[in-house]
Amino acid sequence: MADTGSGDLLKLPLNELHEAAKARFGGFAGWNMPITYPLGVLKEHLHTREKAGLFDISHMKLIEVSGGEAAKALARACPFDPEALALGQSKYTFLLNEKAGISDDVIVTRVAETRFIVVANAGNAAADVAHLSAVAAEFNCVVDPLDRVLFALQGPAAEAALTEAGLDLSHLTFMQGVEPKTGWFATRSGYTGEDGFEIAMPIPEAREFADKLLANENVAWVGLAARDSLRLEAGLCLHGNDITPDTNPVEAGLMWAIAKPLRETGTFIGADALRAAISQGAARKRVGLKPEGRAPVRDGTPLIDADGKTVGEVTSGGFGPSVGHPVAMGYVDTEPAQPATEVFAEVRGNRVRLAVHPLPFTPHRYRKG
Amino acid sequence: MATTYFTEDHEWLRVEGDTVTVGITDYAQEQLGDLVFVELPEVGKAFSKGDAAVVVESVKAASDVYAPVDGEVTSVNEALTSDPALVNSSATGEGWLWTMKLSNPSQLEGLLDEAGYQALIG
């Protein structure tokens with residue numbers, strides 16, 4: 001994760017609430033974020049898988065794209081077909097650069113015929129808004145960054161806890177979104193591999209809603225540390241680590257997010273470079289990695305073959321509390337041979353064996369329709 | 001009669017004769033969060049003060065624990081191999097890290113006592 005260290009960090013709108021909950025804070029993407037709460041990262045992680053974890057992810061940015069040609073603008077900015085997106089449907093997609101590198105990964109939801117909401121990563125938000133605005137300038141539409149509190153409520157008890165708090169979203173299935181009240185926006189999605197929701201609301205209404213959720217004994221605050229271990233077990237990419245402006249969707253193994261016809265005929269930014277990347281094939285592939293033993297292998301660690309030759313790099317690495325062993329993700333060269341089934345890493349002078357492991361490490365439990 | 005000292009790097013040392021038991025303080029384990037792996041040194045290894053002796057890994061990051069004085073490792077806490085969380089639950093007790101044979105007793109003079117350490121962490 002891109003720790004920014006000390007300095008002038010932005011504060012979440014509900015910063016005082018997290019202070020009162022005795023969160024331990026740290027810098028992430030320019031924000032002073034709750035990293036853990038007194039429960040601790042292991043229990044917060046397990047609580048999310050067993051009950052419901054509440055995350056304040058207001059550092060992430062909601063960007064509204066609206067107007068008669070909003071779909072056309074998004075079709076230019078992202079490799080998906082906004083016209084084909086049903087009302088209330090969400091789509092995982094990317095902002096690609098001209099080289100088909102991933103400038104950001106985002107979720108776009110069609111909330112009205114000519115209005116979409118893009119949820120962007122905190123660290124890329126300002127660049128995304130500038131980029132989308134530049135694209136939109138050629139079309140009849142406007143780009144508005146929204147100031148909201150954004151919560152994620154994740155885990156098997158999330159649906160019931162939301163309903164009890166007065167927000168019944170049980171009619172949604174995975175990757176669907178609605179605007180339940182004025183200024184509110186909610187999707188059935190998340191970053192943990194569990195069933196769950198992301199709920200945005202006007203800042204003045206957030207404190208009361210958080211209190212309602214937390215009144216439920218199944219709901220507990222979960223910090224950024226467990227958010228990271230949950231998403232890593234779920235095999236989900238962290239932008240800046242696992243995918244970057246120098247990574248294209250082919251090598252990242254994310255082509256499932258780009259419909260086949262679009263790969264051939266799409267005119268989105270980076271389309272030509274993506275077609276070239278597809279025809280050349282990926283020189284490296286993102287894979288899951290299971291280190292042998294108990295020592296985590298961290299991001300940035302080179303991967304080597306049995307002869308000590310560098311064949312890749314770990315891009316995310318830590319410990320998986322639900323699986324009970326270290327987990328990692330990284331890139332492994334595919335040339336000249338097939339991708340290796342095992343690689344090695346030097347950790348403090350010891351050679352650790354890593355098995356190439358299918359992703360996710362923990363099965364997804366999304367509520368599919 | 002054992003005497004306990006502390007370092008500014010948040011380690012504690014319990015000294016009995018020329019045997020020193022080393023661990024991290026409760027404050028340190030709280031800062032680190034849940035530990036998932038502890039890499040212990042080999043018995044017989046000689047450390048100079050300031051050498052990285054042990055690595056403690058939390059879910060998120062790895063941190064070094066430094067040898068607070070010169071000496072040779074005489075034992076390590078094998079229980080931590082299967083249960084690293086002992087450091088969290090009992091930092092100054094069952095979560096001790098290693099023992100060493102003190103080779104330079106004068107190095108103890110520069111260490112903090114309990115009151116000095118409490119003042120450091122405020």
Side-chain angles (χ1 to χ4, degrees), chain A residues 1 3 22-28 33-48 222-233 238 241 291-301 314 316-328 345 347-350 352, chain B residues 9-10 22 24-48 50-67 73 76-92 94-95 97-98 121-122:
Chain A
M1 287 186 155
D3 285 346
K22 298 197 162 38
R24 188 179 301 282
F25 290 84
F28 176 74
M33 294 296 293
I35 305 298
T36 56
Y37 295 86
L39 201 53
V41 55
L42 288 179
K43 286 186 181 140
E44 289 169 33
H45 177 116
L46 298 172
H47 183 91
T48 305
V222 176
L224 212 54
R227 183 168 165 84
D228 191 50
S229 56
L230 286 158
R231 71 91 195 166
L232 181 52
E233 276 185 344
L238 173 63
N241 278 44
E292 197 173 74
R294 286 189 64 96
V297 181
R298 306 290 180 178
D299 66 270
T301 307
V314 174
S316 283
F319 188 82
S322 297
V323 294
H325 59 71
V327 290
V347 178
R348 298 181 290 270
N350 298 318
V352 176
Chain B
D9 293 323
H10 308 289
V22 185
I24 63 170
T25 64
D26 199 49
Y27 174 82
Q29 71 76 21
E30 229 178 71
Q31 295 291 317
L32 291 166
D34 296 314
L35 297 187
V36 296
F37 180 71
V38 179
E39 187 169 283
L40 297 163
E42 279 173 30
V43 172
K45 192 165 167 91
F47 285 123
S48 297
D51 286 351
V54 161
V55 179
V56 290
E57 300 244 19
S58 67
V59 173
K60 198 77 200 81
S63 309
D64 289 321
V65 181
Y66 303 103
V73 176
V76 296
N77 187 356
E78 300 284 359
L80 301 180
T81 307
S82 58
D83 191 5
L86 281 175
V87 178
N88 296 113
S89 58
S90 177
T92 55
E94 286 178 80
L97 298 175
W98 79 93
I121 60 174

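First the proteins, then the strands, lettered A, B, ... as listed; each starts at 1. None of the values given here were measured: they were computed from a predicted structure.
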Practice task
Using a strict cut-off of less than 4.0 Å between a Lys/Arg side-chain nitrogen and an Asp/Glu carboxylate oxygen, indicate whether A/Arg298 and B/Glu57 qualify as a salt bridge.
Solution key: yes
Practice task
Answer whether the closest heavy-atom distance between the side chains of B/Val36 and A/Leu42 falls below 4.5 Å.
Solution key: yes
Exercise for the section: State, yes or no, whether a side-chain contact exists between A/Val41 and B/Lys60 at a heavy-atom distance under 4.5 Å. Expected result: no
Problem - Top of B/Gly33, B/Ala85, B/Ala61, B/Pro84 for chain A proximity - count of heavy-atom pairs under 4.5 angstrom - result: B/Ala61
Exercise for the section: Check whether B/Val55 gets within reach of chain A through its side chain, its backbone, both or neither, counting any heavy atom under 4.5 Å. Expected result: side chain
Handout entry: Interchain contact, B/Ala52 with chain A, by part (heavy-atom threshold 4.5 Å)
Key = neither
Handout entry: Heavy-atom closest pair, residues A/Arg294 and B/Thr81
Key = CD-O, 3.6 Å
Fill in the blank from the handout: Cut-off 4.5 Å, heavy atoms of chain B, and the answer for A/Ser229 is side chain
Practice task
Take atom CD of B/Gln31 as the centre, draw a 6.0 Å sphere, and report whether it contains more than 12 heavy atoms from other residues, nucleotides or ligands.
Solution key: yes
Handout entry: Spacing of CG belonging to B/Asp64 relative to CZ belonging to A/Arg348, to within rounding of 0.5 Å
Key = 8.0 Å
